[in-house]
Each structure stands twice: as C-alpha cells, then as structure tokens.
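See below for the structure under consideration.
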Amino acid sequence: MAKEISNGVNHGTSKPPPTPSPLRNSKFSPESLELPSLFSSSFWMDLHLLCFANLRILVTGGAGFIGSHLVDRLMENEKNEVIVADNFFSGSKDNLKKWIGNPRFELIRHDVTETLLVEVDRIYHLACPASPIFYKYNPVKTIKTNVIGTLNMLGLAKRVGARILLTSTSEVYGDPLEHPQTEEYWGNVNPIGVRSCYDEGKRVAETLMFDYHRQHGVEIRIARIFNTYGPRMNIDDGRVVSNFIAQALRGEPLTVQSPGTQTRSFCYVSDMVDGLVRLMEGDHTGPINIGNPGEFTIMELAQTVKELTNPSVPVNVVENTPDDPRQRKPDISKARELLGWEPKVGLRQGLPLMEEDFRQRLAIPREN
Ligand SMILES: NC(=O)c1ccc[n+]([C@@H]2O[C@H](COP(=O)([O-])OP(=O)(O)OC[C@H]3O[C@@H](n4cnc5c(N)ncnc54)[C@H](O)[C@@H]3O)[C@@H](O)[C@H]2O)c1
Ligand SMILES: O=c1ccn([C@@H]2O[C@H](COP(=O)(O)OP(=O)(O)O[C@H]3OC[C@@H](O)[C@H](O)[C@H]3O)[C@@H](O)[C@H]2O)c(=O)[nH]1
C-alpha cells in the first residue's frame, strides 16, 4: 500500500483507505485460476512471477514527446504489452512508428474525455497538451482533458484494479513565492488567468487522484514534472528549448520573452522517463517533483544555445505573455530519497543531442 497521502503529509486522517477493487489482479490471481489444492498458493505465486510477470500498460498521450520516449522504455521489456491512447492533438504517429506492427503494441485514436474500456495493470496518464501555445489554443478543451480525462482514467483504474500515474506539473506552484519548490508548497496560481486551464486543471487532476485513492483505494502515483526537453519535441511546439534550437538552426533571431531574467530548470527526457518508471514501480504515492535542479535564466539559455548551435544568430527581447512564472527550480530531495533518482544529463550535454535530432528533421546538416 502506498506510504504517503495528502501532499506528502497525512493531515490527521487515521482512516485506512477502503479495500481495493476485488477485480484487482483478477487476470493473474491464483484464486481465479481454479488451482488444484495440492499446490500451495505461494507455489502458484512463484509460478505466476516466473511465467506471467508481464504487465499490460496503458499510456495516454503516448504519441507525444515524453509519452513516446516512455513507450520506448516500456517496450524494451519484452514481457510488457503497451497500449497507447492518443487523440493526436499535439502528438504524432511518427513518434511511435518503430512500434507499429509489433504484436506487443497497440495504438488507439482516442480522446480521454470519452470513456475507455481496456484491461490493464498500469496507466501512465499523460494525455494533455503541455506547451502553453497548445494548451491556451482551446482552453475549455484543456480543462476538460485535465478534469474529465483524469476522471475517466481513474474510473478505469478503479474498475480494473490498475495502478495509475498522473503527470502533473511544476505549474501547480504557479508563480512561486517559495524557491526552490518543495512538494509541501501549495503554490501561487491565478485561478482566472490564461494559464489556469492548465495549472488549475492539473491541480484538480491531483485532487481527483487523491480522492479516488482515499475513497476507493485506487493505487495512485503523482509526478510533478519540471520543464523537460529532448529529441522528438514538436519543432513548432512553441516551448522555449525547441523554439531556440529551431531558430538557431534556421538562422533566425532567438526570441527571449521579456525580461529574460525569469528562470527555468531543464530536465533531459531520458532522465524524466527513468524518474517516471521508478515512481510508478515504487511504493510512494507522491506528489514527487521530477526535474533537474540546474537553474538558468532564459537569457542564459539563449546564450548557451547560440554558443553551441549558431554563434552568429542575434538574440532579440520580445514581449512576454501574461502570468509567466518568474522563477522555477525543483527541490528533488524526495525523488533522491524515495526513488533513488536524480538527473544525469546536464544542459550542455542534452542540448547537442536535441540539436542533432532537429537537424535531421529540418534537413539542416552540420557544416564541417
Ligand atoms: N514536457 C514538459 O516539460 C512537461 C512539464 C510538466 C508536465 N508535463 C506533462 O507531461 C505530459 C506530456 O507532456 P509532453 O511534453 O509530452 O506534451 P505533448 O504535447 O508532446 O504530449 C501530450 C500528448 O497528449 C495527447 N493529448 C492531448 N489531449 C488529449 C486528449 N484529450 N485525449 C487524448 N490524447 C490527448 C497529445 O496528442 C500528445 O500526444 C502532459 O501531461 C504534460 O502536462 C510535461
Ligand atoms: O520563444 C520563447 C518561448 C518561451 N520563452 C520563455 O521561456 C520560459 C519557458 O517557457 P515555455 O513555454 O517553454 O514553458 P513554461 O515553463 O512557461 O511552461 C511549461 O511548464 C511546465 C510544463 O507543464 C509545460 O511544459 C509548460 O507549460 C518562459 O519564461 C517563456 O516566457 C521565451 O523566452 N521564448
């Protein structure tokens, strides 16, 4: 049973969660196999682990940037079966092309605001546009995705006894007044701003996760992801690292939104995927911050991309958008302690890997 509840602190509720759904593990449970009585149940449990220690895993949003890297990682284990459900709003089949046709892989065009009935053991629930440009494009749809989509996935988890992980966000801390941000910080979020469909949507999604956990015994995990970058990001995604690399490669000015002193902490995608899998398979509900604590101003990021990719491009300061958080840096003590996780790839190592991928997709070879 998960060890933490309610923002990492048990706020006075001594009532244990109700017994999980009787359907939990029904697929493989010794009881459901009508075993001959001469074999003990521990014998069958060992046999189960040897023969059936496979998992059927649903990844919502699996055609997106982080989701597709997560699918690669899960598919590496030949005992896993992976089902992706995605509406392709910001993701693409291209990201999954190497798995299409593999008998252990299924791709479903599905919008999580509609119910989904599949028998699975794990649900990685990523479906949600993540780039501010994409999530602000249709804010009502964004909040529906976060609220109704998460309700649907929790309903599924409850019904089939699956463990569910939500990819929440550092944006639940809003424009943070505490720095760095620990999981105990409740945040400083504008409830009626242009970012609220995403920030508040994810906050409600976290609430739903804990309510299903406390009320129905659903096994939950919550990751609070900080800015993540890497190969396969949508080239016109609109987020800062992809914008700067694409601009530098195209020889266009890098657009630093004013003032440029705002900070972010950038995590390379392979580190992120490692953290998500550790959280899912560990014993802790979270929420747990997963991110790289290395903190950079956006101007420093622009100068680094310019230096590494194209020293001749200018850096322009342009107008910003409302409610842009002024600082962001994760405290990852919990991830270190509870998951044995910390990031390995620094910004100066990760940027060239992403540049290489962008060069291939933009057909801009490196000049010797
Ligand atoms: N990348 C980051 O820096 C970051 C930071 C914090 C949190 N996150 C979270 O991680 C998750 C993945 O982010 P990403 O960077 O890979 O973004 P992404 O936009 O590349 O991927 C999101 C995926 O969800 C799909 N999707 C969107 N709405 C859907 C819906 N209604 N039904 C089904 N599919 C839908 C999209 O088509 C896409 O494939 C998101 O939940 C995001 O909020 C990401
Ligand atoms: O071209 C650009 C794009 C962005 N920026 C700035 O770069 C910073 C980061 O902006 P991004 O759009 O990449 O991402 P944000 O940090 O604002 O939001 C992200 O936070 C975490 C996740 O939940 C999401 O991936 C996304 O919402 C902001 O200060 C923004 O003003 C630029 O200076 N130039």
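Each ligand, and each atom within it, is numbered from 1 in the order the structure gives. Just so you know, these numbers come straight off a predicted model, no measurement behind them.
Remark: minimum distance from atom 29 (O) of ligand 2 to any protein heavy atom is reached at D324 OD2, 2.6 Å. Ranking the protein heavy atoms by distance from atom 39 (O) of ligand 1 puts D86 OD2, 2.5 Å first. Atom 40 (C) of ligand 1 has as its closest protein heavy atom L126 O, 3.1 Å. In terms of protein heavy-atom proximity, atom 11 (P) of ligand 2 is nearest to V240 N, 3.9 Å. Summary of contacts: the protein heavy atom closest to atom 24 (C) of ligand 2 is A130 O, 3.1 Å. For atom 25 (O) of ligand 2, the closest heavy atom belonging to the protein is R239 NH1, 3.0 Å. The protein non-hydrogen atom at the shortest distance from atom 34 (N) of ligand 2 is T255 O, 2.6 Å. Looking only at protein heavy atoms, the nearest one to atom 21 (C) of ligand 2 is R328 NH1, 3.6 Å. Considering only non-hydrogen protein atoms, atom 9 (C) of ligand 2 sits nearest to R264 NE, 3.6 Å. Of the protein's non-hydrogen atoms, the one nearest atom 30 (C) of ligand 2 is Q257 OE1, 3.2 Å.
Backbone and side-chain nitrogen or oxygen atoms of D111 are examined, and one is located within less than 3.5 angstrom of a nitrogen or oxygen of ligand 1. Not a single N or O atom of D237, backbone or side chain, sits closer than 3.5 Å to an N or O atom of ligand 1. Close N/O approach between E171 and ligand 2 is found [any backbone or side-chain N/O within under 3.5 Å]. Where the criterion is an N or O separation shorter than 3.5 Å, residue side chain and backbone included, P132 fails it with respect to ligand 2. Considering backbone and side-chain atoms alike, A85 places every N or O at 3.5 Å or more from each N or O of ligand 1. Checked by distance only, ligand 2 and V241 stay at 3.5 Å or farther apart across all their nitrogen or oxygen atoms. Taking distance alone, with nitrogen or oxygen atoms compared against 3.5 Å, N87 approaches ligand 1 more closely than that limit. Not one N or O of T113 is nearer than 3.5 Å to an N or O of ligand 1, by distance alone. Looking at Q247 next to ligand 2, no N or O pair under 3.5 Å apart turns up. Geometrically, ligand 1 and T145 share a nitrogen or oxygen pair separated by less than 3.5 Å.
Under a 4.0 Å criterion applied to the non-hydrogen atoms of N320, ligand 2 contributes the atoms 31 (O). Taking every heavy atom of I298 and a limit of under 4.0 angstrom, the matching atoms of ligand 2 come to 7 (O), 8 (C), 33 (O). The ligand atoms of ligand 2 that sit less than 4.0 angstrom from a heavy atom of N243 are 1 (O), 2 (C), 3 (C). Close approach of ligand 2 to V256 is summarised as follows: ligand atoms under 4.0 Å from at least one heavy atom of the residue are 33 (O). Under a 4.0 Å criterion applied to the non-hydrogen atoms of Y135, ligand 2 contributes the atoms 27 (O). Close contacts between ligand 2 and Y198 involve ligand atoms 22 (C), 23 (O), 24 (C), 27 (O) [criterion: under 4.0 Å to a heavy atom]. Each of the following atoms of ligand 2 lies closer than 4.0 Å to a heavy atom of Q262: 29 (O), 31 (O). Counting the atoms of ligand 1 from 1 in the order shown, those under 4.0 Å from a heavy atom of A130 are 13 (O), 14 (P), 15 (O), 17 (O), 19 (O), 42 (C). For ligand 2 and T169, the ligand atoms under 4.0 Å from any heavy atom of the residue are 21 (C), 22 (C), 23 (O).
Residue contacts with ligand 1: R224 is excluded, as none of its non-hydrogen atoms falls under 4.0 Å. Residue-ligand proximity: T60 is placed with every non-hydrogen atom at 4.0 Å or more from ligand 1. Taking a 4.0 Å cut-off on heavy atoms, G149 fails to register as neighbouring ligand 1. For the pair R239 and ligand 1, a heavy-atom separation below 4.0 Å is found. Heavy-atom separations between H110 and ligand 1 include at least one value shorter than 4.0 Å. At least one heavy atom of G238 sits closer than 4.0 Å to an atom of ligand 2. Distances shorter than 4.0 angstrom occur between a heavy atom of R195 and an atom of ligand 2.
Put simply, NE2 on H213 and CD on E219 are 8.5 Å apart, with the number rounded to the nearest 0.5 Å.
Distances from atom 22 (C) of ligand 1 to the heavy atoms of P129, G91, C128 put C128 nearest. Of all the listed residues (G230, S90, S242), S90 holds the heavy atom that lies closest to atom 38 (C) of ligand 1. Looking at V241, I225, L166, it is I225 that brings a heavy atom closest to atom 5 (C) of ligand 1.
Proximity of F244 to T309: side-chain heavy atoms (C-beta onward) are nowhere separated by under 4.5 Å. Here the side chains of T169 and V172 are in contact, with some heavy-atom distance below 4.5 Å. Taking the side chain as every heavy atom from C-beta outward, I57 and V120 never approach each other to under 4.5 Å. Counting heavy atoms from C-beta on, the side chains of L347 and L301 come closer than 4.5 Å.
In S168, the part holding a heavy atom less than 4.0 Å from any atom of ligand 1 is the backbone. Counting heavy atoms under 4.0 Å from ligand 1, residue K144 does not touch it at all. Contacts with ligand 1 closer than 4.0 Å are made by heavy atoms of both the backbone and the side chain of F65. Heavy atoms of V112 found under 4.0 angstrom from ligand 1 belong to the backbone as well as the side chain. Only side-chain heavy atoms of Y198 come within less than 4.0 Å of ligand 1; its backbone N, CA, C and O stay farther off.
Between R195 and D175 there is no salt bridge, since no side-chain N of the basic residue sits under 4.0 Å from a carboxylate O of the acidic one. Salt-bridge formation is not detected for the pair E206/K202: no Lys NZ or Arg NE/NH1/NH2 atom is positioned less than 4.0 Å from an Asp or Glu carboxylate oxygen. Between R232 and D237 there is no salt bridge, since none of the side-chain N atoms of the basic residue sits less than 4.0 Å from a carboxylate O of the acidic one. Between D86 and K93 there is no salt bridge, since no side-chain nitrogen of the basic residue lies less than 4.0 Å from a carboxylate oxygen of the acidic one. Between D199 and K136 there is no salt bridge, since none of the side-chain N atoms of the basic residue sits less than 4.0 Å from a carboxylate O of the acidic one. In summary, R361 and E356 do not engage in a salt bridge, as defined by a charged side-chain N under 4.0 Å from a carboxylate O. Using a cutoff of 4.0 Å between basic side-chain nitrogens and carboxylate oxygens, E171 and R224 are not scored as salt-bridged. In summary, R56 and E106 do not engage in a salt bridge, as defined by a charged side-chain N under 4.0 Å from a carboxylate O.
Between Y229 and the choices F358, Y268, F296, F65, the ring-ring contact (aromatic ring centres under 6.0 Å, His included) rule is met once, by Y268.
Counting only N and O atoms by type, the side chains of N80 and R104 include no donor and acceptor under 3.5 Å apart. Side chains of E295 and S265: no donor on one and acceptor on the other come within 3.5 Å. Between W99 and D72, the side chains place a donor N or O and an acceptor N or O closer than 3.5 Å (distance only, hydrogens not considered).
At a threshold of 4.5 Å between side-chain heavy atoms, the hydrophobic network of Ile, Leu, Val, Met, Phe, Trp and Tyr places F226 and Y185 in one connected group.
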